[in-house]
2 protein chains.
Amino acid sequence: MSRLADKILLMTNFNTAGKSYHHDDLRQKLIDATRDMIREGGVEAVSLRKLADRVGVSRTAAYHYFKDKNDLLCTLAEEGFRYWSEELDRIFQDESKALADRYRSYIRWYMTYALENAEYYDLMFGRAIWKQNTATDSLKITSYNMFQKQVERTRQWQEQGFFNPSEDSLRLAQVSWGTLHGLARLLIDGVYTDDSHIDEMCDCAANLLMS
Amino acid sequence: MSRLADKILLMTNFNTAGKSYHHDDLRQKLIDATRDMIREGGVEAVSLRKLADRVGVSRTAAYHYFKDKNDLLCTLAEEGFRYWSEELDRIFQDESKALADRYRSYIRWYMTYALENAEYYDLMFGRAIWKQNTATDSLKITSYNMFQKQVERTRQWQEQGFFNPSEDSLRLAQVSWGTLHGLARLLIDGVYTDDSHIDEMCDCAANLLMS
DNA sequence: CATTGGAATTTGACAGTGTCAAGATTGGCT
DNA sequence: AGCCAATCTTGACACTGTCAAATTCCAATG
């Protein structure tokens, strides 16, 4: 009759998830499952309860590893920023191409990645995390470093005469990123419905930015 | 004891909202109250139940005038698009200024409006409405017309040599709007945290677009 | 080997949310 | 006066995030 006896009986037979009380690395499992959920249905579709179901654990188990839902999402976003930063490095370190070509392929990569990982992009650059200053300190640092790298690249491009040297590097980086982000958002959010001319849009943006 | 008797008693004294069963124009009251709520706490803060409380009506009263919450929000967004469209007309019809000046003040106006009405801007141009194709047909038409106007203006500016005439008008309109939208979003969503150099950003964007 | 302490996990509870179906109320028309 | 259709309310359901308290378990200590 006691709860204890019930549990022993349950264990002896079959536990639904096939796992017992303790897990291998629940934290990582939670992160992985969350990433899947984001990919499937976007940030909006992430529910701690469904996440728990998926991992085979109880509703509030995640609270032992993450302060709250926001903390979990920030962890995922940070992961994304690291990947993002590495990809940027790879693209711009490729010295085989001329700078203009590298920049063009950067824009194409940006838009392709943003659209193929729309929900993930939304998490990283969307209001869910940044609005109301809910971003983790750790996340703030990671993302700030990434942006600073981009500002530095912009400065170098100005020195090489690729960008207008009379503009402030910071402003130029802000506006050029703004352009890409704006296009990405309009496409991702479904405001621009025609996604069959993305390359043309990219080229048009490239022409404007490089003039 | 009967519910009916309770009601009569209640009416004879004071009804909390001061209104009885039927309202003057509940639909409009709901719209107005929703607008207030958006301004105060953003789209996220709009709850049908709190809205009902505010208007002094029961939880589900709004369902008689709007199919669901999305329908209500679309109505609000459409209202915004009409205002937006009128403002654009006003700015660009002002022939007293040179075209370049008009365009600069357009950008400034855009960013100022977006930031001062951040939550409303988010409603109009955010995923809440456009993602998953939940936008009302009526809203789609209104917003499409607005954008077409902008494309037409872009075409004229190309003819006047203000914009590069070799670019496709549609792409140019998409990218130039994308730039403004991107900056606005990054500021509104809290990704760009420094809002003390907005004018400089605007000018930098203007220089890039008009070159 | 038994006990116990602390980490890991679950259960219960609460205050929210949107929305549907069914009932209650009312003003206007015949 | 009576009824109808428009309008509004009540009840219910399935969700959500999060806190506090209870439970379970592993590991180290005596």
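Numbers restart at 1 for each chain; the letters A, B, ... are given by sequence-line order, proteins then strands. Both backbone and side-chain heavy atoms feed into the values below; hydrogens, waters and symmetry mates do not.
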Sequence neighbours excluded and cut-off under 3.5 Å, please list the side-chain donor-acceptor pairs for residues 38-45 of chain B, or say none.
residue: E40(B); atom: OE1; partner: R54(B); partner atom: NH2; Å: 3.0
residue: E40(B); atom: OE2; partner: R54(B); partner atom: NH1; Å: 3.2

Under a 4.0 Å threshold between the charged nitrogen and the carboxylate oxygen, would R59(A) count as salt-bridged to D53(A)? no
Just to be sure I understand the geometry, which residues of residues 61-75 of chain B put a non-hydrogen atom under 4.0 Å away from DNA chain C? Y63(B), D68(B), K69(B)
I need the residues from residues 39-47 of chain A with at least one non-hydrogen atom less than 4.0 Å from DNA chain D; give them sorted by number, or say none. V46(A), S47(A)
Report yes or no: does W157(B) contribute a side-chain atom to a donor-acceptor pair with the main-chain N or O of Y103(B) at less than 3.5 Å? no
Over how many whole Å does the gap from L26(B) atom CG to dT7(D) atom C1' extend? 9 Å
Can you list, in residue-number order, the parts of residues 130-139 of chain B that come under 4.0 Å of DNA chain D, counting heavy atoms only? none
Sequence neighbours left out, what pairs pass salt bridge (Lys or Arg N to Asp or Glu O under 4.0 Å) with at least one residue falling in residues 174-184 of chain A? none
Report yes or no: does T75(A) contribute a side-chain atom to a donor-acceptor pair with the main-chain N or O of D71(A) at less than 3.5 Å? yes
Verify the neighbour count for atom CD of Q132(A): are there more than 12 heavy atoms of other residues, nucleotides or ligands below 6.0 Å? no
D53(B) has an atom CG; how far is it from atom P of dA15(C), in whole Å? 15 Å
Salt bridge check: are D89(B) and R153(B) linked by an N-O gap of less than 4.0 Å? yes
Are E152(A) and K149(A) close enough for a salt bridge, meaning some N to O gap below 4.0 Å? no
Taking 4.0 angstrom as the limit, do E87(A) and R90(A) come out as a salt bridge? yes
Short heteroatom pairs, N/O only, protein and nucleotides 12-14 of chain D, under 3.5 Å:
residue: dA12(D); atom: N6; partner: R59(B); partner atom: NH1; Å: 3.4

Under-4.0 Å side-chain N/O to phosphate OP1/OP2 contact, K50(A) with dC15(D): no
